Amino acid sequence: MAVLSVLDLAPITVGGSAAISLNHSADLAKHVERWGYHRFWMAEHHNMTGIASAATAVALAYVGSRTRSIRIGAGGIMLPNHAPLIAAEQFGTLAALYPDRVDLGLGRAPGTDGATLRALRRNYDSADTFPADVQELLMYLDEPTPDQKIKAIPGMGSKVPVWLLGSSLFGAQLAAQMGLPYTFASHFAPDYLQLALEAYRSNFQPSKYLDKPYAMAAINVFAADTEQAAKRLKSSMQLQFMALRQGNPGPLPAPIDAIEKQVDPMALAAANHALKYTATGTPEQVHQYMRDFVAATGVNELMLTCHAFDHNERLRSFEIAKDCHF
């Protein structure tokens, strides 16, 4: 039976604000904790007017303060944007505040555009050292050795579980080589899902972190009492993706009816391809989609995300999804 978790990008809506968004994130975390979800992750993005989770560790500290038991974590921290020591200190601090509740998912992408990458003081080749940076970060989170001169305080000895994230084969192969849990970003990058999961499982090497492969994948969910209402809910994310692909990123727009009659069909087709793994519809339709996805991929854990314009409708999507029986 697959475990259910949540990925939240703290969407900023048209007419909304970062403050509203982050308060909605904390409220969502409280609800999904009560509904039995296992994890609540937030993701690092920069220079995105529709996402409020850029300072991911800070946002998670707020979410942690509003919840009691659900695991909180990053899905993910884009490690090339940070010195491994800084990431270890930040998530070591979270682990000190919320013991046995913190995860750290690591990505290799910048999570932004080229100009912002330079503003982050990154070089274009920063990702080349990702495997070594992951090893360094793991060292800071482990028990320090007697001769270790640099320690993460807080962080050392916290053994915060580290995950590798990916949307291609690289992350899957590295997670397998290092014996770490792996999650695939199929909610927006569908193409290599099955190949990445196969590469991860077939090449997995047991480690002190994990004795056998543990894989998670993310899908979008737009659930409502009627199929028409669910499709309308989804249209906000379709519109946002279309704008992003056209170089006009912005806040999450209000939903529209019959989107296929109102937008360029080629642009919509491209957005729909990126959002291929999306459960949309009534409770029965969404539950069947989730069961089929888990059966097809064999993932241990299913992470759900919902970019809905209305906060209450977003809550309703997760409330419906929680009742899926695998």
Side-chain angles (χ1 to χ4, degrees), residues 39 41-44 46 56-57 60 71-96 99-112 117 120-185 192 196-216 300-301:
R39 305 177 205 275
W41 281 9
M42 303 183 80
E44 175 187 349
H46 299 280
T56 315
L60 288 169
R71 297 194 67 85
I72 57 173
I77 290 296
M78 302 299 107
L79 189 56
N81 295 345
H82 309 272
L85 178 61
I86 294 295
E89 289 172 344
Q90 289 178 349
F91 280 79
T93 299
L94 286 171
D100 302 317
R101 289 182 56 196
V102 177
D103 302 316
L104 174 52
L106 302 174
R108 187 171 63 115
T112 191
L117 182 148
L120 289 166
R121 303 298 189 265
R122 271 192 60 175
N123 298 316
Y124 281 100
D125 60 357
S126 298
D128 293 347
T129 60
F130 182 71
D133 289 344
V134 174
Q135 289 281 19
E136 183 180 348
L137 176 54
L138 287 167
M139 176 196 71
Y140 290 133
L141 295 173
D142 209 341
E143 299 292 347
T145 61
D147 60 345
Q148 187 172 321
K149 296 186 181 301
I150 302 172
K151 302 178 179 69
I153 306 168
M156 64 176 182
S158 64
K159 300 182 180 178
V160 170
V162 170
W163 292 63
L164 293 191
L165 317 181
S167 57
S168 66
L169 298 184
F170 179 88
Q173 292 166 337
L174 183 62
Q177 177 186 334
M178 300 182 75
L180 295 172
Y182 176 67
T183 185
F184 191 87
Y192 292 96
L197 291 175
E198 181 182 348
Y200 172 62
R201 291 174 180 134
S202 61
N203 294 292
F204 185 84
Q205 299 177 24
S207 69
K208 65 180 181 179
Y209 309 108
L210 205 58
D211 60 355
K212 59 183 178 180
Y214 191 95
M216 176 163 63
N300 306 90
E301 195 164 337

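All values derive from a computational prediction rather than experimental measurement.
For the residue pair Leu164 and Gly171, the shortest heavy atom distance occurs at CD1-O, 4.2 Å. Across all their heavy atoms, Ser158 and Gly92 have their closest contact at OG-CA, 4.4 Å. A pairwise comparison of heavy atoms in Ala43 and Gly75 identifies CB-O, 3.3 Å as the closest pair. In terms of heavy-atom proximity, Ser202 sits nearest to Ala199 at OG-O, 3.5 Å. For the residue pair Phe184 and Ser168, the shortest heavy atom distance occurs at CE1-N, 3.8 Å. Taking each heavy atom of Phe170 and Pro131 in turn, the nearest pair found is CZ-CG, 4.0 Å.
Side-chain contact between Leu210 and Leu180: absent, with no pair of heavy atoms (C-beta onward) separated by less than 4.5 Å. A heavy-atom distance below 4.5 Å is found between the side chains of Leu104 and Leu137. In this structure, the side chains of Met178 and Gln135 come closer than 4.5 Å at one or more pairs of heavy atoms. Between Asp211 and Phe204, every side-chain heavy-atom pair lies at or beyond the 4.5 Å cut-off. Side chains of Val160 and Asp103 form no contact here, defined as non-hydrogen atoms less than 4.5 Å apart. Residues Met42 and Thr56 are in side-chain contact: their nearest non-hydrogen atoms beyond the backbone lie under 4.5 Å apart. When side chains are defined from C-beta on, Phe130 counts as touching Leu106, because their heavy atoms get closer than 4.5 Å. Two residues are said to be in side-chain contact when any heavy atoms from C-beta on lie closer than 4.5 Å; Met216 and Trp41 meet this criterion.
Using a 3.5 Å distance cut-off with no hydrogens or angles, the side chains of His82 and Glu44 do pair a donor with an acceptor.
In this structure, OG1 in Thr183 is found 9.0 Å from CG in Leu197, a value given to the nearest 0.5 Å. Taken from CE in Met139 to CD1 in Ile150, the straight-line distance is 7.0 Å, to the nearest 0.5 Å. From Tyr192, atom OH reaches atom OG of Ser167 across 9.5 Å, with rounding to the nearest 0.5 Å. To the nearest 0.5 Å, the span separating CG on Leu138 from OG on Ser207 amounts to 9.0 Å. For the atom pair OH (Tyr200) and CD (Gln173), the distance works out to 13.0 Å, reported to the nearest 0.5 Å. Put simply, CG on Leu141 and NZ on Lys159 are 11.0 Å apart, with the number rounded to the nearest 0.5 Å.
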Assess the residue pair Tyr209 and Val162 against the criterion (side chain to side chain contact (heavy atoms under 4.5 Å, CB included)); give the C-alpha distance rounded to whole Å, side-chain angles, the decisive distance to 0.1 Å, and a yes or no. CA-CA 9 Å; Tyr209 309 108; Val162 170; over 6 Å; no
Side chain to side chain contact (heavy atoms under 4.5 Å, CB included), that's the test. Do Leu94 and Arg101 meet it? Break it down for me. CA-CA 9 Å; Leu94 286 171; Arg101 289 182 56 196; over 6 Å; no
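Counting only residues at least two apart or on different chains, the side chain to side chain donor-acceptor pair (under 3.5 Å) pairs with a member in residues 139-155 are Glu136-Tyr140, Asp142-Lys208, Thr145-Asp147.
With hydrogens and angles ignored, the 3.5 Å screen pairs a side-chain donor or acceptor of Arg71 with a backbone N or O of Asp100. Remark: side-chain polar atoms of Asp133 are not paired, donor with acceptor, to backbone N or O of Pro84 under 3.5 angstrom.
The aromatic rings of Trp163 and Tyr214 stand perpendicular to each other, their planes meeting at an angle above 60°, with 30° marking the opposite boundary.
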